[in-house]
Amino acid sequence: MIQKTLDNLFEEFLTKESIFTCKGALQAKYQPKNLLHREELVKELASILAPTLRDELPSNIFIYGKTGTGKTSVIRWIADQLSSKAGSIDVRLKIIYVNIKLDRVADTEYRLFAYLGEQLGATIPTTGLPTSHVFDVFKREVDAKDSTIIVILDEVDRLISKTGDEVLYNLTRMTGDLKHSKVCIIGITNDLKFLDTLDPRVRSSLSEEEILFPPYNALQLRDILARRAEIAFKSGVVDQAVVRKCAARAAREHGDARKALDLLRVAGEIAERAGDTKVVEKHLDIAEDRIDFDRVLETVKSQPRQSKAVLFSIMRLNGEEVTTGDVYDTYRHMCMNSGLSVLTQRRVSDLISELDMLGIVSAKKKSLGRYGRTRFISLHLPSVVHGNIHEVLSSEFGM
DNA sequence: AGGTATTCACATGAAACTATTCTCTGAGTTAGG
DNA sequence: TAACTCAGAGAATAGTTTCATGTGAATACCTGT
């Protein structure tokens, strides 16, 4: 019986015509042929990097701008163009792109050097060696290449917040120790205040050139979306009105193109699943909720056990604002009942801060004068997810 | 009344510790010549 | 004698504990009127 219906379902799926022609065009990793509304920045960056083609060392570059403003796309695009150009005129150039947050292979000093070294052909174990040794291996590898090497560090702020700015200091000063090769660093971040937190020495050498990526406005977003929608959907599936709506919503949220594309893609998926042949505004509404829902549920699920326990305690206290002390009491009882080891209040306090940062709970500091100073914690979940999360957590802790 | 000192309940910071995973090194063991 | 095995030392890392210090404002306590 089940077999039969499932069979039908697959069959139906296969025969039904998809409304997409190339869904990939709406995904973050898609590289468009040309980058709309970024021509000036492309030109600027290209002119800074051009000296590599004459075998000269370009300035280090520091790029900043909010998420979804095209930083990564632009730099990757230029990197591609540059290396193919270098290839055609026989200039030795190697470009290494690392996303520190995404590739978790590179979020510490050791791992970054190991990763870079591997990109150049060395084999470096994941652990066991002193960091300085790994750095030496990397340096040797670089020098052996006898070429210009451009290292692109996407989301550098992650690296610094975890390990301090010594890494960058080492990297930026490396060229001095090398006999044959040259190294150029391109740092990318969406933390606009990041530069201020750096050691002045590092700062001045990293940001020989600074480039700001401003957010897209609604009109620009519309162009981008329209172009991508053209590639991604069959013609007539998405009309201009929907694209405009989509762009407007994303523009409201600081001109984040990635979000806009996500919204459109999910809306398309929803329409397709519902068997509709056109994407309409209704689908956008559902998509907006869905994205929210998925994001929150995913973050909660991926939390470590103790963090979930803390969240669950907050949920069980259920309702008004509670203090850190209240949460800790409930948490302790819960741990004892479910056989989980009890962490110190110090640690729980940190876990609460983390949940706050993730936007799952809100924790406001408040002083009660004579009666101490504590955080007031309340749940901060969209109501759609609340039930689901409660279910997930209570089954995990068996209550 | 006005001003200062206390006090509470944590927040926040820094350092040290723990468990795990992994490499390197050198001593001991084994198998083949 | 060369190849292999294995234990011990040393690293990196995530997660945590320990110890120390910081914090904001309601209250308690003084002081002089």
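Quantities reported herein were computed from a predicted structural model and do not represent experimental measurements. Throughout, a chain's letter reflects where its sequence line sits, starting with A, and its residues are numbered from 1.
- Taking only side-chain atoms of A:Y110, from C-beta outward, the nucleotide of C:dT13, C:dT18, C:dA26 with the closest atom is C:dT13.
- Using a cut-off of 4.0 Å between Lys/Arg side-chain N and Asp/Glu carboxylate O, A:D262 and A:R258 are scored as not salt-bridged.
- A:R201 forms a cation-pi arrangement with A:Y169, by the criterion of a distance under 6.0 Å to the ring centre and an angle within 45° of the ring axis.
- Looking at A:K182 and A:E56, no side-chain N of the basic residue comes within less than 4.0 Å of a carboxylate O on the acidic one, giving no salt bridge.
- Nearest heavy-atom pair, A:I95 versus A:S83, reported as atom, atom and distance to 0.1 Å: CD1-CB, 4.3 Å.
- Cation-pi check for A:R111 over A:F113 is not met; the charged atom does not lie both under 6.0 angstrom from the ring centroid and within 45 degrees of its normal.
- The side chain of A:P130 lies closest to C:dA12, out of C:dA26, C:dT17, C:dA12.
- Residue contacts shown for A:K366 are absent, as no nucleic acid heavy atom lies under 4.0 Å away.
- When distances run from any side-chain atom of A:T131 to the nucleotides C:dA12, C:dG24, C:dA14, the shortest one goes to C:dA12.
- Across all strands shown, A:R346 has heavy atoms under 4.0 Å from base atoms, whether or not it also approaches the sugar-phosphate.
- Here the range on DNA chain B touched by chain A, meaning any atom under 4.0 Å from one of its heavy atoms, is B:dT7 to B:dC24.
- Residue A:V134 is classed as having no contact, given no heavy-atom separation below 4.0 Å to the nucleic acid.
- Salt-bridge formation is not detected for the pair A:D256/A:K66: no Lys NZ or Arg NE/NH1/NH2 atom is positioned less than 4.0 Å from an Asp or Glu carboxylate oxygen.
- In terms of the salt bridge (Lys or Arg N to Asp or Glu O under 4.0 Å) criterion, residue partners of A:K234 (sequence neighbours excluded) are, by chain and number, A:E17.
- Atom CD of A:E109 and atom C1' of C:dA11 are 13 Å apart (whole Å).
- The pair A:D350-A:R346 meets the salt-bridge criterion, with a side-chain N (NZ, NE, NH1 or NH2) lying under 4.0 Å from an Asp/Glu carboxylate O.
- The distance from atom CZ of A:R370 to atom C1' of C:dC29 is 11 Å, rounded to the nearest whole Å.
- Direction of the helix axis in the helix from B:dA1-C:dT31 to B:dA31-C:dT1 shifts by 20° between the two five-pair termini, rounded to 10°.
- Cation-pi geometry between A:K71 and A:F213 is not met at under 6.0 angstrom from the ring centre and within 45 degrees of the axis.
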